[in-house]
2 protein chains.
Amino acid sequence: MTTPEENKLIYYVKKWVNITKDDESAILSAFEQASIRKKKDLLVPGEICKYNYFIVKGCIRTYYIDDKGVEHIYHIRFDNNWAGDLESFFSQKPSKYYIEALEDTQYIRISKDRLDQLYDEVPAFDRYFRILFQKAYVNTLKRLNANMWEPAIDRYKDMLKEHPDMFQRVPLTYIASYLGITPESLSRIRKKNNQ
Amino acid sequence: MTTPEENKLIYYVKKWVNITKDDESAILSAFEQASIRKKKDLLVPGEICKYNYFIVKGCIRTYYIDDKGVEHIYHIRFDNNWAGDLESFFSQKPSKYYIEALEDTQYIRISKDRLDQLYDEVPAFDRYFRILFQKAYVNTLKRLNANMWEPAIDRYKDMLKEHPDMFQRVPLTYIASYLGITPESLSRIRKKNNQ
DNA sequence: AACTTCACTTGACATAGGTCAATTTTATTT
DNA sequence: AAATAAAATTGACCTATGTCAAGTGAAGTT
């Protein structure tokens, strides 16, 4: 956790947009490097999400707690993915979510003001996020559809296939919540699936 | 359907980004105006979604048909909203969706090439879509969460409150599908809700 | 190593919502 | 206006998943 590692942000940005060497340094210098310990929170309800986070190495979950005190997980993200409460970040209004490290995590972060500045400085970064959000939107629609019309066992099998790593790094309870079912149901699904 | 009406695209773009008069005409001239009759398709499965559509006046639904022959609706959109299969449009690969007019509809449309050109010409348009997709993404996450953890009756009441117009313009069967339930269930929910 | 906490499993039972089939109501077409 | 098709309702029954409670196992802490 002490030695800062190289981040792959530029590599991933370049997958979608063309940027100059100058853009690269403008982007990198807009971020601060930091880290957080397992089980610690980057954000708690009531706080404004002041930063957008790019995970260099580690694991982050976003969740909220409903009226009955039950946790519901929005996403679980690993290395080289973004985390943050976009709504609170964009509007700079209080969030209702927890953002928590599930592993010791290294990240880089950017504030709203700095990001807005960067968008002006490097229009390609605007485009990068346009593409990213478009993809996130399409993926979420698919996740929604699967939740509406596919049985939980199919969603489970899909996850096994698409994110096998998840089962190595994340407790089943959290995976269940992400899949939209209870831990008990996931346990039964897994039992059935192994027979 | 014959007299072309003014579209409000510029008005809605300006809600989110600053554009010059020149940008305005660049944007408007990139679109073609057209219309489609009720029950006709803008897109059918297997086709590439060649255009992104901005609805000037009317109503459009996006849906697919599953293995069992059942329709599932992704969205229902009215005046001054976008429609299209983003995934197919962006990748220029065949779609699996139907996009159908639920009313006689006037729209403007833009092709992938023309839009890419426009993004280069007017960077603010890139930003406009970045903001739009971000909002769409956040909204879809909320819709997903409601579908996972809230009972259908709450989703129904929410829709009554947020989109009362929907019930005037769209058959209940479609609304049911959008809410992630069967028409029978929606019928029962409505009965219960009226007593 | 013992203690405590958290994660996972299992069983008995409950329930929201689905399925299928029949019927009524409302729209659309001739 | 009559004929037809489409949409909505209702009933009987079914099933996937939730709920609650108990028990086991694994992991982290002192």
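To find a chain, count down the sequence lines: A is the first, B the second, and so on, and within it residues start at 1. Nothing here was measured: the structure is a model prediction, and the numbers come from that model.
Comparing B:Pro151 and A:Pro171, the nucleotide of DNA chain C nearest to each residue sits closer to the 5' end for A:Pro171.
Looking only at side-chain heavy atoms (C-beta outward), B:Ile181 and B:Tyr156 stay at 4.5 Å or farther from each other.
What separates CH2 of B:Trp149 from P of D:dT17 is a distance of 12 Å, to the nearest Å. For the pair B:Arg190 CZ and C:dT25 P, the interatomic distance rounds to 16 Å; values are reported in whole Å. The interatomic distance linking B:Arg37 (CZ) with C:dT28 (C1') rounds to 15 Å, in whole Å. Atoms CD1 (A:Ile73) and P (C:dA7) sit 10 Å apart, rounded to a whole Å. One interatomic measurement links the two molecules: CG of A:Asn193 to P of C:dT9, which rounds to 13 Å at whole-angstrom precision. Across the protein-nucleic acid pair, B:Asp66 atom CG and C:dG18 atom P stand 13 Å apart, rounded to whole Å. B:Lys192 places its NZ atom 16 Å from the C1' atom of D:dT9, with the value rounded to the nearest Å. Going from atom CG of B:Leu172 over to atom C1' of D:dT10 covers 15 Å, rounded to whole Å.
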Stepwise side-chain contact (heavy atoms from CB on, under 4.5 Å) test for B:Arg109 and B:Lys50: CA-CA 9 Å; B:Arg109 69 180 192 189; B:Lys50 292 204 285 269; over 6 Å; no
Verdict with reasoning, A:Asn145 to B:Tyr64, per side-chain hydrogen bond (donor to acceptor under 3.5 Å, both in side chains): CA-CA 10 Å; A:Asn145 183 69; B:Tyr64 76 100; 2.9 Å; yes
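Considering only side-chain N and O atoms, A:Ser185 lies under 4.0 angstrom from the phosphate OP1 or OP2 of D:dG18. Taking side-chain N and O atoms only, B:Thr182 has no distance below 4.0 Å to OP1 or OP2 of C:dG17. Phosphate contact (OP1/OP2 of C:dC8, side-chain N/O of A:Thr173, threshold under 4.0 Å): present.
The B:Lys191 side chain lies nearest to D:dT10 when the options are D:dT10, D:dT19, C:dG18. The listed nucleotides are C:dG17, D:dA7, D:dT17; the one nearest the side chain of B:Tyr174 is D:dA7. Among the nucleotides D:dT10, C:dT9, D:dA7, the one closest to any side-chain atom of B:Ser187 is D:dT10.
Each of B:Trp149 and A:Ile65 belongs to its own hydrophobic cluster when Ile, Leu, Val, Met, Phe, Trp and Tyr are linked at side-chain heavy-atom distances under 4.5 angstrom.
Remark: B:Lys142 does not engage B:Asp158 in a salt bridge, criterion side-chain N to carboxylate O under 4.0 Å. Note on B:Asp116 versus A:Arg127: no salt bridge recorded, every NZ/NE/NH1/NH2 to OD/OE distance being 4.0 Å or above. One finds no salt bridge joining A:Arg114 and A:Glu32 here, because no Lys/Arg side-chain nitrogen approaches an Asp/Glu carboxylate oxygen to under 4.0 Å.
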Protein proximity profile, nucleotides 20-30 of chain D - base contact B, sugar-phosphate-only contact S, no contact -, cut-off 4.0 Å on heavy atoms: B----------
